[in-house]
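In this chain, residues are counted from 1 in sequence order.
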Amino acid sequence: MLSAKITCNSHGQDSSYFIGWEAYEKNPYDEIKNPNGIIQMGLAENQLSFDLLESWLQNNPQPAAFKNHNDQSIFKELALFQDYHGLPAFKNALVRFMSDIRGNTVTFNPNNLVLTAGATSANETLMFCLANPGDAFLIPTPYYPGFDRDLKWRTGAEIVPIQCSSLNGFRITKSALEEAYKQAEKQNLKVKGILVTNPSNPLGTSLSLHELDLLVNFISTKNIHLISDEIYSGTVFNSPSFISIMDVLKNRNLVNTEIAKRVHIVYSLSKDLGLPGFRIGAIYSNDELVVSGATKMSSFGLISSQTQYLLSEILSDNKFTKMYLSENRRRLKERHEMLVQGLQKSGIRCLQSNAGLFCWVDMRHLLSSKTFEGEIELWKKIVYEVGLNISPGSSCHCSEPGWFRVCFANMSEEILVLAMQRVITFVESTVKKNSQSRHQQLLNRNASRRTKSLPKWVFELSFQRELIATDER
């Protein structure tokens, strides 16, 4: 017999978000081997600035060879046991990098930092620290589909959506917060906190100062926690600029208060530096008990000493990191504009955004019906017929059918152009079919009206003729 936890289906793997990935893996696009295959546009990965990192490694070969600045080997030192607190040099470099991203308006204490094997591990660790099984966290919709796995699967925590609307660009409102809290109470769930992604995945928008103030006021009133997942903080490429929850705490003189102890930040180098395979995540908390508990739990998912050493050297090169952040933002902005303009050519619009590796795309006008069934029907056509793996809004718990997340930073410019060509061809075909269908419906409707307007004696005569014909047969 296996554990009930292993055999249960709460992992979320049956979500259309993951099903699309499986479809891609079975039929991946390749320019030579499989030109009609599926293009991966469901992966929020930053591949636009690898050349900058590779150039740094070429110019600084010692760290990758596990040598110090005196060209002496430190392989043995790194290979032997390291405790779970992490290398001080790496933690110091990481908090400086986090400050640089925020324009050095705030500083971070390395003693408040807990290293984890990626943001996935960081979020789950915080759930273990803050919530008991059956407790709930409120999350604005739409949200990253992986949260259903990361926050709930092993912890037993629950998610209650904060329903946001396209009418105001999916912004968080006070009424939406209150309604979500009431819904949790109706379900007999104890609300332990709110989790937000800032900038948002999948919206690609950073939270406004008004929204952040709302959140701080709400957790203060309800005496609950706030987790701010800021793993896309370095990807803000357009105005408005990024505002961290730490900025709000500082500006409201709340840094050394009980409220600040209930605010926790998740960070990672997976998006800003494009290094998801290095599994570099972190929790930043002002609560000593959370830091202590999370540090103990981090022993189940450590970052290797070799990785920490290499990244400490890269992040300590302030000239390089400043150049990298600037150039990476420029490239993201350029690629974002390519996607938006490419979709516009086919009559598809995107939510106005300023950050991230994706766009929140409005395809409501292409639905066969204004339902989630209609959305999945359209999504299947795009994946299996058009050959593009994108994520349907329903997988992100969006309350309105017809929205999709489309990623743009995990492919070459040439592949993105091909993807846009496929979209244009599909939309033109769909619009033509819909037009023909509406035209036929109109003809049928007019014919029905003409039939209904005929005098009664015409129907009687027709009926008599049918009887005569039947007798003759």
Side-chain angles (χ1 to χ4, degrees), residues 85 91-92 94-116 119 122-123 125-132 135-140 151 157 160 162 171-174 176-178 180-181 184-185 190-199 206-231 233 240-267 282-298:
H85 290 85
K91 295 176 77 172
N92 289 330
L94 185 57
V95 295
R96 282 196 301 269
F97 185 64
M98 292 169 65
S99 294
D100 289 343
I101 288 173
R102 292 154 181 79
N104 292 303
T105 56
V106 292
T107 57
F108 296 89
N109 183 348
N111 294 324
N112 293 356
L113 197 72
V114 180
L115 301 179
T116 64
N123 278 310
T125 297
L126 277 174
M127 284 298 110
F128 275 117
C129 290
L130 304 179
N132 292 312
D135 290 342
F137 264 74
L138 312 181
I139 304 183
L151 308 184
V160 176
I162 302 169
R171 293 292 178 179
I172 301 170
T173 64
K174 183 178 180 180
L177 287 170
E178 293 289 356
Y181 196 88
E185 289 182 324
K190 182 177 182 180
V191 177
K192 296 302 291 286
I194 301 172
L195 186 149
V196 296
T197 53
N198 183 27
S206 56
L207 292 178
S208 66
L209 180 59
H210 174 68
E211 290 174 289
L212 291 167
D213 278 330
L214 275 179
L215 291 168
V216 171
N217 294 340
F218 192 79
I219 68 164
S220 176
T221 301
K222 303 295 186 183
N223 195 31
I224 58 177
H225 295 268
L226 173 62
I227 299 174
S228 183
D229 187 331
E230 301 184 357
I231 66 172
S233 54
S241 57
F242 175 68
I243 305 173
S244 171
I245 192 63
M246 285 292 289
D247 288 299
V248 177
L249 295 177
K250 178 185 176 182
N251 295 337
R252 293 179 57 169
N253 296 316
L254 296 173
V255 172
N256 296 314
T257 65
E258 288 299 314
I259 294 176
K261 287 185 178 181
R262 298 201 303 276
V263 175
H264 320 279
I265 292 175
V266 168
Y267 186 59
I283 296 168
Y284 188 86
S285 175
N286 293 303
D287 189 318
E288 292 180 1
L289 288 177
V290 171
V291 172
S292 175
T295 300
K296 295 171 185 174
M297 290 195 64
S298 70

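For Met246 against Asn286, the heavy-atom pair with the smallest separation is SD-ND2, 4.4 Å. The minimum heavy-atom distance between Thr295 and Ser298, with the atom names listed, is O-OG, 2.5 Å. Nearest heavy atom pair, residue Met297 against residue Cys129, reads SD-SG, 4.4 Å. Counting all heavy atoms, side chain and backbone alike, Ser228 lies closest to Ile245 at CB-CG2, 3.8 Å. Minimum interatomic distance between Ala282 and Thr116 (heavy atoms only, all atoms of both residues): N-OG1, 3.5 Å.
Considering OG of Ser244 and CG of Leu207, their distance stands at 10.5 Å, rounded to 0.5 Å. The structure places CG of Leu130 at 7.0 Å from NZ of Lys192, a figure rounded to the nearest 0.5 Å. Annotation: the span from Ile283 atom CD1 to Asp229 atom CG amounts to 11.0 Å, rounded to 0.5 Å. Atom-to-atom distance recorded for Asp213:CG and Leu209:CG is 4.5 Å, nearest 0.5 angstrom. Between the NE2 atom of His210 and the CG atom of Leu214 there is a distance of 4.0 Å, given to the nearest 0.5 Å. Atom-to-atom distance recorded for Ile259:CD1 and Leu249:CG is 8.5 Å, nearest 0.5 angstrom.
Lys190 contributes no side-chain N or O that, together with a main-chain N or O of Asn132, makes up a donor-acceptor pair within less than 3.5 Å. Side-chain N or O atoms of Ser292 include none that pairs as donor or acceptor with a backbone N or O of Leu289 at under 3.5 Å. Although no hydrogens or angles enter the test, the distance criterion places no donor-acceptor pair under 3.5 Å between the side chain of Glu230 and the main chain of Met98.
For the side chain to side chain contact (heavy atoms under 4.5 Å, CB included) test, residues two or more places apart in sequence or in another chain that qualify with Thr105 are Arg102, Asp247. Under the rule for a side chain to side chain contact (heavy atoms under 4.5 Å, CB included), the partners of Val95 that lie at least two apart in sequence or sit in another chain are Phe108, Pro110, Leu113.
Ring geometry for Tyr267 against Phe97 counts as tilted: the plane angle lies between 30° and 60°, on a 0 to 90° scale.
The shortest distance between side-chain heavy atoms of Lys222 and Glu178 falls below 4.5 Å. In this structure, the side chains of Val196 and Pro140 come closer than 4.5 Å at one or more pairs of heavy atoms. Residues Ile224 and Phe218 are in side-chain contact: their nearest non-hydrogen atoms beyond the backbone lie under 4.5 Å apart. The side-chain heavy atoms of Val290 and His264, taken from C-beta on, include a pair separated by under 4.5 Å. A heavy-atom distance below 4.5 Å is not found between the side chains of Leu212 and Arg252. Looking at heavy atoms from C-beta onward, Leu115 lies in side-chain contact with Leu94 at the 4.5 angstrom threshold. Inter-residue side-chain proximity for Asn198 and Ser206 is flagged as met; some heavy-atom pair is nearer than 4.5 Å. Side-chain contact check for Val114 versus Thr125: every heavy-atom pair is 4.5 Å or farther apart.
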Practice task
May I have the step-by-step check of side-chain contact (heavy atoms from CB on, under 4.5 Å) for Val266 and Leu195, ending in yes or no?
Solution key: CA-CA 10 Å; Val266 168; Leu195 186 149; over 6 Å; no
Exercise for the section: Show your reasoning for whether side-chain contact (heavy atoms from CB on, under 4.5 Å) applies to Leu254 and Val216. Expected result: CA-CA 10 Å; Leu254 296 173; Val216 171; 3.8 Å; yes
Problem - Intermediate values then yes/no, side-chain contact (heavy atoms from CB on, under 4.5 Å), Val291 and Asn111 - result: CA-CA 8 Å; Val291 172; Asn111 294 324; over 6 Å; no
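Under the side chain to side chain contact (heavy atoms under 4.5 Å, CB included) test applied with Ile194, the options Ile227, Ile139, Ile162 reduce to a single match, Ile162.
Environment of CD in Glu185: crowded, with over 12 heavy atoms of neighbouring residues, nucleotides or ligands closer than 6.0 Å. In Asn104, the CG atom is crowded: over 12 heavy atoms of neighbouring residues, nucleotides or ligands sit closer than 6.0 Å.
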